[in-house]
*Asks:* 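Got a structure here, written out as structure tokens. Questions coming.
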Amino acid sequence: MPVRSNIVGIDSPEALEKALRAAYYLADDGIATASYLSLALGKPLLLEGAPGVGKTEAAKAIAAVLGRRLIRLQCYEGIDAAAALYEWNYPRQMLAIRQAGEESIDIYGESFLIERPMLAALRAPDATVLLIDEIDRADQEFEAFLLEFLSDFQISIPERGTVRAAEHPVVVLTSNRTRDLHEALRRRCVYHWIDYPNAEREARIVMMRASSVAEATARAVVAAVGRLRREPLSKAPGIAEAVDWAEAATLLHRGGARWPDAFKRSIGVALKDEEDLHFISPRLDALIAEAAA
């Protein structure tokens, strides 16, 4: 197994954590270590956690640190190899056949190949980061299809042969754990579970992401969001919602709204489900007042 102990000047989890912070991502020791080991060992990184804890943002930050283009493959039910790997441009092939007449033509040339995310990552492993987002939304058949790719970093195109990556590409997979992933997929990855950050770190994230928000506002929002997450909501607010809520409340306050009314009026950027809003409405005033105290 090739080990790269130094990746673009990063030779330790601590160095990577510092670089991620410069890319506006506050990583704890766990995610910094898992990310560093993934890069050093040339293995995919599998990040699991509840929606909104920063899994996708971690992949974006890693790409920024490496100075590479992020290629995102968004998974969904029914996704197949054509959407992930490549497709042939059939209309263009048919047009080329008609135009060629009696002349021979290679309709499987490069100009007819439509490159999809996984093929793009294989062809430019030193310039890209492949994000396979929400792999748990895909079918188990697609998950099984990924196994060869994640083991050997190669794919077979029947009309052109095998495409192999010149080096191990950087691959990040995310999962919201809506279903269990196959053990074979997990074995191919460096794994890390991302939980919601503690209040202190989340307040730092809010202030970093929303520079115009005062510290007191950030802490009040984080306290309120923490209480909302303990409620039986269908869609608990994530870190991005905490940042948006702090910014929205600050904007209303600057427009003349008083605290804590600014928090209450901007609740729609934190809770985005009608049933959740209806459920929390009778206790919203008390919740916000308690968090702002």
Side-chain angles (χ1 to χ4, degrees), residues 1 30-31 34-35 37-39 41-60 62-63 70-88 90 113-125 128-165 167-196 232-236 238 240 272-273:
M1 178 187 299
I31 189 171
S35 301
L37 291 176
S38 169
L39 295 173
L41 300 175
K43 295 174 71 68
L45 174 64
L46 173 58
L47 300 176
E48 275 195 322
V53 294
K55 303 183 295 296
T56 300
E57 289 300 317
K60 293 178 180 178
I62 290 171
L70 182 75
I71 302 175
R72 182 173 181 173
L73 174 60
Q74 178 63 54
C75 295
Y76 53 87
E77 185 178 353
I79 189 173
D80 58 11
L85 289 175
Y86 68 93
E87 289 183 280
W88 291 110
Y90 293 113
L113 186 64
I114 301 175
E115 191 177 74
R116 297 304 185 198
M118 289 170 61
L119 178 58
L122 288 182
R123 286 178 151 184
T128 59
V129 171
L130 175 62
L131 168 61
I132 303 177
D133 213 10
E134 297 183 325
I135 180 60
D136 55 317
R137 290 181 177 270
D139 301 323
Q140 291 185 351
E141 291 77 9
F142 181 77
E143 184 182 334
F145 155 77
L146 280 178
L147 296 180
E148 179 183 2
F149 174 83
L150 297 177
S151 293
D152 304 323
F153 295 111
Q154 67 177 36
I155 62 170
S156 297
I157 302 178
E159 300 85 358
R160 293 173 64 91
T162 300
V163 178
R164 295 183 178 86
E167 62 180 71
H168 285 191
V170 177
V171 181
V172 180
L173 300 94
T174 71
S175 168
N176 294 332
R177 209 166 191 175
T178 57
R179 68 171 178 85
D180 289 334
L181 301 179
H182 197 281
E183 186 64 27
L185 179 67
R186 294 180 179 276
R187 286 201 306 267
R188 285 160 172 77
C189 303
V190 174
Y191 176 82
H192 183 67
W193 171 267
I194 301 183
D195 208 343
Y196 289 115
L233 303 176
S234 61
K235 296 180 182 179
K272 302 176 182 179
D273 181 86

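Keep in mind that what you see is a predicted model, and the values were worked out from it rather than measured.
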*Asks:* At their closest point, which heavy atom of C75 faces which heavy atom of E134, and how far apart are they?
*Replies:* CB-O, 3.2 Å
*Asks:* Do Q154 and T162 pair up side chain to side chain, a donor and an acceptor below 3.5 Å, judged on atom types alone?
*Replies:* no
*Asks:* Taking the side chain as every heavy atom from C-beta outward, state whether I132 and V171 have any atom pair closer than 4.5 Å.
*Replies:* yes
*Asks:* How close do R179 and I135 get, heavy atom to heavy atom, and via which atoms?
*Replies:* NH2-O, 3.6 Å
*Asks:* Hey, is E77 close enough to R137 for a salt bridge, meaning N to O under 4.0 Å?
*Replies:* no
*Asks:* Carefully, step by step, assess I157 and Y86 under the rule side chain to side chain contact (heavy atoms under 4.5 Å, CB included).
*Replies:* CA-CA 9 Å; I157 302 178; Y86 68 93; 3.7 Å; yes
*Asks:* Atom OG1 in T56, atom CG in L70: separation rounded to 0.5 Å?
*Replies:* 9.0 Å
*Asks:* Nearest 0.5 Å, what's the CG-CG distance between L185 and L173?
*Replies:* 6.0 Å
*Asks:* Under the ring-ring contact (aromatic ring centres under 6.0 Å, His included) definition, can you give me all pairs with a residue in residues 175-195, not counting sequence neighbours?
*Replies:* none
*Asks:* Given 3.5 Å as the limit, does a donor-acceptor pair link the side chain of D139 with the main chain of G78, or not?
*Replies:* yes
*Asks:* Checking the side chain of S38 only, and the main-chain atoms of A34 only, is there a donor and an acceptor separated by less than 3.5 Å?
*Replies:* no
*Asks:* Using 0.5 Å steps for rounding, measure from the NE2 atom of H168 to the CG atom of D152.
*Replies:* 8.5 Å
*Asks:* Where do L45 and S35 land on the side chain to side chain contact (heavy atoms under 4.5 Å, CB included) test, with the steps shown first?
*Replies:* CA-CA 7 Å; L45 174 64; S35 301; 3.6 Å; yes
*Asks:* Would you call the rings of F153 and F149 parallel, tilted or perpendicular if under 30° counts as parallel and over 60° as perpendicular?
*Replies:* perpendicular
*Asks:* In plain terms, say whether E183 and R188 are close enough for a salt bridge, that is, a side-chain N and a carboxylate O under 4.0 Å apart.
*Replies:* no
*Asks:* Locate the shortest heavy-atom distance separating E167 from P125; write the atom from each residue and the value.
*Replies:* O-CB, 3.5 Å
*Asks:* Does any N or O in the side chain of S156 come within less than 3.5 Å of the main-chain N or O of P158, such that one atom is a donor and the other an acceptor?
*Replies:* no
*Asks:* Is any side-chain heavy atom of V172 closer than 4.5 Å to a side-chain heavy atom of L47?
*Replies:* yes
*Asks:* State, to 0.1 Å, how close I31 and A58 come at their nearest heavy-atom pair, and which atoms those are.
*Replies:* CD1-CB, 3.8 Å
*Asks:* Does T178 offer a backbone N or O that forms a donor-acceptor pair with the side chain of D136 under 3.5 Å?
*Replies:* yes
*Asks:* Looking only at non-hydrogen atoms, find the nearest pair between G238 and Y196 and report the distance.
*Replies:* CA-CE2, 4.2 Å
*Asks:* Are any of the side-chain heavy atoms of K55 and N176 separated by less than 4.5 Å?
*Replies:* yes
*Asks:* Could you go step by step and tell me if E115 and R123 meet the salt bridge (Lys or Arg N to Asp or Glu O under 4.0 Å) rule?
*Replies:* CA-CA 10 Å; E115 191 177 74; R123 286 178 151 184; 3.0 Å; yes
*Asks:* Looking at L181 and E143, what are the two nearest heavy atoms and their distance?
*Replies:* C-OE2, 3.4 Å
*Asks:* What's the separation between atom CD1 in I71 and atom OG1 in T128, rounded to the nearest 0.5 Å?
*Replies:* 4.5 Å
*Asks:* Apply side-chain hydrogen bond (donor to acceptor under 3.5 Å, both in side chains) to E141 and list each qualifying residue two or more places apart in sequence or on a separate chain.
*Replies:* none
*Asks:* Would one find more than 12 heavy atoms of other residues, nucleotides or ligands at under 6.0 Å from atom NZ of K235?
*Replies:* no
*Asks:* Side chain to side chain contact (heavy atoms under 4.5 Å, CB included), that's the test. Do I114 and W88 meet it? Break it down for me.
*Replies:* CA-CA 6 Å; I114 301 175; W88 291 110; over 6 Å; no
*Asks:* Side chains of L131 and T174: does their closest heavy-atom pair fall under 4.5 Å?
*Replies:* yes
*Asks:* Start with the C-alpha gap between I155 and L122, add the side-chain angles, then the distance that decides, and say whether side chain to side chain contact (heavy atoms under 4.5 Å, CB included) holds.
*Replies:* CA-CA 9 Å; I155 62 170; L122 288 182; 3.7 Å; yes
